[in-house]
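Notes follow the structure.
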Amino acid sequence: MLGTRRLPFPAFSFDLVHCSRCLIPFTAYNATYFIEVNRLLRPGGYLVISGPPVQWAKQDKEWADLQAVARALCYELIAVDGNTVIWKKPTGDLCLPNQNEFGLELCDESDDPSDAWYFKLEKCVSRTSAVKGDCAVGTIPKWP
């Protein structure tokens, strides 16, 4: 469950994150929850959301906000099929910080995105360059 603290995984741990009918307010609190998923997803990884708010009646604002956050983080829209959307995370930090309504900014260079235990959720986007060694999809960096 996403709450107020980082999930207990190092940065860039997953090739794919799938959320099915989880009803997480990804765009609440300046998109803090989406930013946490972004921290966990490897560069070039995929985010799949199925169920609300993807194209659900009466959730147009939530769906529009979710798309806006994905665009602000430069995620590539791969597919929207019914109530399922697939995005691909960019492989670098080149587009960030991007002008956006959520005020998203890159984390300070001193931030270690792999500090996961008992760390509060950050309102900044983890830098890909903050993790030493390969972290692209298909490689598994050693966690200290």
Donor-acceptor contact below 3.5 Å, side chain [X] vs main chain [Y]:
X     : Y     : value
Asn30 : Thr32 : no
Thr27 : Leu66 : no
Asp15 : Gly45 : no

Hey, does [Y] have a side-chain heavy atom less than 4.5 Å from the side chain of [X]?
X      : Y      : result
Arg127 : Pro113 : no
Asn38  : Lys89  : yes
Tyr46  : Glu76  : no
Val37  : Arg39  : no

(Q) I'd like to know whether Thr84 forms a side chain to side chain contact (heavy atoms under 4.5 Å, CB included) with Val54, so could you lay out the CA-CA distance, the side-chain angles of the two residues, the decisive distance to 0.1 Å, and finally the verdict. (A) CA-CA 6 Å; Thr84 301; Val54 180; 5.8 Å; no

(Q) Under the criterion side chain to side chain contact (heavy atoms under 4.5 Å, CB included), I'd like the reasoning laid out for Val85 against Val48: C-alpha separation, chi angles, the key distance, then a yes or no. (A) CA-CA 6 Å; Val85 63; Val48 179; over 6 Å; no

Q) If you take all heavy atoms of Ala11 and Ser114, which pair is closest and at what distance? A)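 Reported closest heavy-atom pair: N-OG, 3.2 Å.
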
Q) Nearest heavy-atom pair of Ala31 and Leu104: which atoms, and what distance? A)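 Looking at all heavy atoms of both residues, the shortest contact is CB-CD2, 4.2 Å.
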
As an exercise, state the distance from [atom1] of [X] to [atom2] of [Y], rounded to the nearest 0.5 Å.
X      : Y      : atom1 : atom2 : result
Arg42  : Phe14  : CZ    : CZ    : 8.5 Å
Asp108 : Cys124 : CG    : SG    : 8.0 Å
Tyr29  : Leu121 : OH    : CG    : 11.0 Å
Arg21  : Ile49  : CZ    : CD1   : 13.5 Å
Ser50  : Asp81  : OG    : CG    : 11.0 Å
Phe119 : Thr4   : CZ    : OG1   : 13.5 Å

Q: Applying salt bridge (Lys or Arg N to Asp or Glu O under 4.0 Å), name anything that partners Lys120, two or more places apart in sequence or on another chain.
A: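 Not a single residue meets the salt bridge (Lys or Arg N to Asp or Glu O under 4.0 Å) criterion with Lys120.
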
Q. Given Trp87, which of Leu77, Val80, Ile78 fulfils the side chain to side chain contact (heavy atoms under 4.5 Å, CB included) condition?
A.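 Answer to the side chain to side chain contact (heavy atoms under 4.5 Å, CB included) test with Trp87 among Leu77, Val80, Ile78: Leu77.
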
Q | side chain to side chain contact (heavy atoms under 4.5 Å, CB included) evaluation trace for Leu41 with Leu47 | A | CA-CA 8 Å; Leu41 193 59; Leu47 171 60; 4.2 Å; yes

(Q) Using a strict threshold of under 4.0 Å (side-chain N to carboxylate O), is an ion pair present between Arg6 and Asp112? (A)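 Arg6 and Asp112: not salt-bridged.
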
Q.
Before we go on, tell me: are the rings of Tyr75 and Phe34 under 6.0 Å apart, centre to centre?
A.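 Yes, the ring of Tyr75 comes within the 6.0 Å limit of the ring of Phe34, centre to centre.
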
